[in-house]
Amino acid sequence: MPPSLEVRLWMYTNMVKSRRYEEAIKLAYLEGKRPLFNMAKGPIPGEMHLSSGQEPCAVGVCAHLRAEDAVTATHRPHHIAIAKGVDLNGMTAEIFGKRDGLSGGRGGHMHLFDPTVNFCCSGIVAQGMGPAVGAGLAAKLRARDGVAVSFIGEGAANQGAFHESLNLAAVWNVPVIFVIEDNAWGISVAKESSTAISRNSERAAAYGMAGWFVPDNDADEIYAVAGAAVERARSGHGPSLIEIQTSRLEGHFMGDAEGYRPKGEVQALWARDPIVSYRQRLVESGVDDARLGRIEREQQVAVDAAFAFARASNYPEPQSALQTVFA
């Protein structure tokens, strides 16, 4: 079923919020790191993986989810966290390593946890797949119609955890959906150089589950396919695998020189920016340009407020360092 206008505007709103968020993260992350790039410097030290270009994957799936539905995400998690409804102030403070962060500033951007909307992510490739199967199994054992979703990159489909998780999900008929965000690059390794088949969605058949491939980073088509998968899961028909052809507009991490990418690839991807194209689709369907402009301004205000909150927040007290460590 295609999305209603209300859903389409919700998806556009969250795609815009995610993009504005990543733009703000990029600026804040680079503070103090130039002219000689040093990821240990600035207000956000460490690695940073931006999700610009992959926004349709998050909104098309999360539009069908409830707060109690569990989502596990990857080291590139911000678009998914935003679409799932993770608190923007707490997430931003966490990324800045501040006391008011989701985990008191201890997790950083690859380890975001918000139990109010059942969201988590990890820097370990394919790590979230097993926990997602467990969350789906818990919902089934409690006789609830909840679902779990595990977002992974295409590189994770070559990990042992991928096959173990799909197998157990099928054996136990678990209400879980595995979503592969295929941006064609596992760090600096092209998909065709690491994966034996062109479409990972075909692997679903080996585990007796439904499999879909969604081309062209299309939010409306992702919504339709995800709706079918969620309905299958909620009605007791078990797991599904969805592979989405998406695009990574930035490097694997901030500071990535991207010398491995063919000449002109990044420019071509930006020319097909999914947010720009989706905005045009909305306008062509009759949505007033001024209405979209208001959405864009409102999301910028929300992002600016979250960053102001994070910057104003205090760092954790040194004596609190061991409070959450098992003795």
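Residues take their numbers from the sequence shown, with the count starting at 1.
- Judged by distance alone, the side chain of T13 and the main-chain N or O of L9 form a donor-acceptor pair under 3.5 Å.
- How far CG of D273 is from CE of M15: 9.5 Å, rounded to the nearest 0.5 Å.
- By the ring pair (Phe, Tyr, Trp, His ring centres under 6.0 Å) test, W10 pairs with no residue at all, sequence neighbours left out.
- Put simply, the side chain of E22 never gets that close to the backbone of L50: no donor and acceptor are under 3.5 Å apart.
- At distances below 3.5 Å, at least one donor-acceptor pair connects side-chain atoms of R232 with backbone N or O atoms of P239.
- Applying the side-chain hydrogen bond (donor to acceptor under 3.5 Å, both in side chains) rule to pairs touching residues 79-89 yields S51-H79, H79-E181, sequence neighbours excluded.
- Taking the charged nitrogens against the carboxylate oxygens, R203 and E243 have no contact shorter than 4.0 Å, which rules out a salt bridge.
- Checking D218 against Y278 by side-chain atom types alone, no donor-acceptor pair falls below 3.5 Å.
- A salt bridge does not link R261 to D256: none of the charged side-chain nitrogens sits closer than 4.0 Å to a carboxylate oxygen.
- Ring pair Y207/H163 is tilted by interplanar angle, where 30° to 60° counts as tilted.
- K41 is linked by a salt bridge (Lys or Arg N to Asp or Glu O under 4.0 Å) to nothing, counting only residues two or more places apart in sequence or in another chain.
- Residue pairs meeting the salt bridge (Lys or Arg N to Asp or Glu O under 4.0 Å) criterion with at least one partner in residues 140-158, sequence neighbours excluded, are R66-D145.
- Under the 6.0 Å cut-off for aromatic ring centres, F178 and F151 do not qualify, their centroids lying 6.0 Å or more apart.
- If you take CD1 on I222 and CD1 on I244, they are separated by 4.0 Å, rounding to the nearest 0.5 Å.
- When atom types are taken as modelled, the side chain of N158 and the backbone of S194 share a donor-acceptor pair closer than 3.5 angstrom.
- Under the 3.5 Å distance criterion, the side-chain polar atoms of T246 are matched with a main-chain donor or acceptor of G53.
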Check: residues 57-64 side-chain donor-acceptor pairs under 3.5 Å, at least two apart:
residue, atom, partner, partner atom, Å
H64, NE2, Y223, O, 2.7
H64, NE2, G227, N, 3.3

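- Contact check on R279 versus D289 returns a salt bridge, with a Lys/Arg side-chain nitrogen under 4.0 Å from an Asp/Glu carboxylate oxygen.
- Taking CZ of F162 as the start and CD of Q159 as the end, the distance is 11.0 Å to the nearest 0.5 Å.
- A donor-acceptor pair is defined here as one N or O able to donate and one able to accept, closer than 3.5 Å; no such pair exists between the side chain of D114 and the backbone of C120.
- The side-chain heavy atoms of F213 and E202, taken from C-beta on, include no pair separated by under 4.5 Å.
- Residues E296 and Y12 bring a donor and an acceptor atom of their side chains to less than 3.5 Å of each other.
- Exactly one residue among K191, Q245, Q54 makes a side chain to side chain donor-acceptor pair (under 3.5 Å) with D182. That residue is K191.
- Ion pair R311/E31 flagged as a salt bridge, since at least one NZ, NE, NH1 or NH2 atom sits closer than 4.0 Å to an Asp/Glu carboxylate oxygen.
- Neither side chain, S247 nor N183, offers a donor N or O lying under 3.5 Å from an acceptor on the other.
- A donor-acceptor contact closer than 3.5 angstrom is absent between the side chains of R272 and S277.
- Separating the CD atom in E23 from the CD atom in E250 is a distance of 9.0 Å, to the nearest 0.5 Å.
- Residues satisfying the ring pair (Phe, Tyr, Trp, His ring centres under 6.0 Å) criterion with Y260, sequence neighbours excluded, are W185.
- Distance check, rounded to the nearest 0.5 Å: OG of S240 to CH2 of W212 gives 4.0 Å.
- If you look at H111 and H75, their ring centroids are not closer than 6.0 Å.
- No donor-acceptor pair closer than 3.5 Å links the side chain of S313 to the backbone N or O of F309.
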| message | Using side-chain contact (heavy atoms from CB on, under 4.5 Å), reason through S285 and V287 one step at a time and then give a plain yes or no. | response | CA-CA 6 Å; S285 70; V287 179; 3.9 Å; yes

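- Judged by distance alone, with hydrogens and angles left aside, the side-chain atoms of T74 form a donor-acceptor pair with the main-chain N or O of R76 at under 3.5 Å.
- Ring geometry, H78 versus H109: the interplanar angle exceeds 60°, so the pair is classed perpendicular (tilted spans 30 to 60°).
- Annotation: the span from S201 atom OG to I180 atom CD1 amounts to 7.5 Å, rounded to 0.5 Å.
- In this structure, K33 forms a cation-pi arrangement with Y29, its terminal cationic atom sitting closer than 6.0 Å to the ring centre and no more than 45° off the ring axis.
- The backbone N or O of P274 lies less than 3.5 Å from no partner atom in the side chain of N217, so there is not a single donor-acceptor pair.
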